[in-house]
Amino acid sequence: MDQLHHMELNLPPDIWRPFAQQRWAIRCPAGYLIYLQNTAATCFYYLKSGQVKSFIQSSDGGERVLNLYQEGSLFGEASFFDELPRVSSAVAMTPCELVPIDRELLSREFAAHPELALAMMKYLARTVRLLSDQVDQMAFRPARWRVARFLTVNADGNGQVSCPQEEIAATISVSRVTVSRILNQLAREGLISWATARCRF
């Protein structure tokens with residue numbers, strides 16, 4: 001799933017920072033399970049630093065990556081707002097600082113910063129759009145297109161992607177072997193360099 005970019009939403013990069021000004025951040029190590037699928041959503045989170053992965057798990061243990069969240073993102077908000085059990089789990093990929101946002105904090109910040117309410121609506125609408133796009137990719141797009149799109153969307157300002165091949169495979173619903181084959185093809189064609197394609201692979 002493509003990451004939510006503030007520029008695409010016409011939002012300032014630090015739009016959610018007010019949520020972090022009234023509460024201490026929770027520090028957690030890499031591998032920490034932040035919340036679990038099918039549990040109650042009493043809050044959502046502002047990611048002050050680090051990287052978080054959201055994923056769904058099937059009854060037979062299969063995993064499907066939904067998104068990789070970077071510093072400055074919100075996550076876990078959908079189930080919080082509809083007051084139903086969480087549809088996914090979230091785990092810290094790196095050491096993280098998280099600010100839990102409950103209804104008390106949300107109401108206070110909306111009252112102090114009314115622009116946050118409209119920004120939140122845009123953010124939620126964008127989430128729905130990205131989910132629709134993900135369904136389109138799984139149903140209709142070839143594997144090479146999915147890999148290329150993942151690299152393009154998730155590249156940082158230096159054009160590098162820091163993500164294991166397993167995570168790419170899980171995110172775009174193809175096998176790791178297929179991802180490796182396509183990355184090799186793209187490198188042979190001069191479309192990517194190993195510095196970009198294999199960063200932390």
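Note that the structure is predicted; figures quoted are calculated from it, not measured.
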Residues in salt bridge (Lys or Arg N to Asp or Glu O under 4.0 Å) contact with E109, at least two apart in sequence or another chain: none
With sequence neighbours excluded, residues passing salt bridge (Lys or Arg N to Asp or Glu O under 4.0 Å) with E166: R176
Under a 4.5 Å cut-off applied to non-hydrogen side-chain atoms, are P29 and P95 in contact? no
Is it the case that more than 12 heavy atoms not belonging to R144 sit under 6.0 Å from its CZ atom? yes
Could you tell me whether F55 atom CZ has more than 12 heavy atoms of other residues or ligands within 6.0 Å of it? yes
In sequence, state the C-alpha distance, the side-chain angles, and the governing distance for S88 and Y35, and then conclude on side-chain contact (heavy atoms from CB on, under 4.5 Å). CA-CA 8 Å; S88 64; Y35 57 75; 4.2 Å; yes
With side-chain contact (heavy atoms from CB on, under 4.5 Å) as the criterion, how do V52 and I34 come out once you've worked through the C-alpha distance, each side chain's angles and the decisive distance to 0.1 Å? CA-CA 9 Å; V52 167; I34 301 165; 3.7 Å; yes
Minimum heavy-atom distance A30-M93, with the two atoms named: CB-O, 3.7 Å
Pairs meeting criterion ring-ring contact (aromatic ring centres under 6.0 Å, His included) with involvement of residues 76-107, two or more places apart: F44-F80, F44-F81
Is D102 salt-bridged to R23, cutoff N-O under 4.0 Å? yes
With no hydrogens and no angle check, is any side-chain donor or acceptor of [X] less than 3.5 Å from a backbone partner on [Y]?
X: Y123; Y: L74; result: yes
X: N67; Y: Y69; result: no
X: T39; Y: L36; result: yes

The test is side-chain contact (heavy atoms from CB on, under 4.5 Å); show your working for L116 and I15 and say whether it passes. CA-CA 7 Å; L116 286 178; I15 184 68; 3.9 Å; yes
Contacts of P85 that satisfy side-chain contact (heavy atoms from CB on, under 4.5 Å) - sequence neighbours left out: none
Can you sort out the partners of Y45 under ring pair (Phe, Tyr, Trp, His ring centres under 6.0 Å), two or more places apart, ordered by chain and number? F75
Within residues 36-49 or reaching into it, pairs that qualify as salt bridge (charged side-chain N to carboxylate O under 4.0 Å, His left out) - sequence neighbours excluded: none
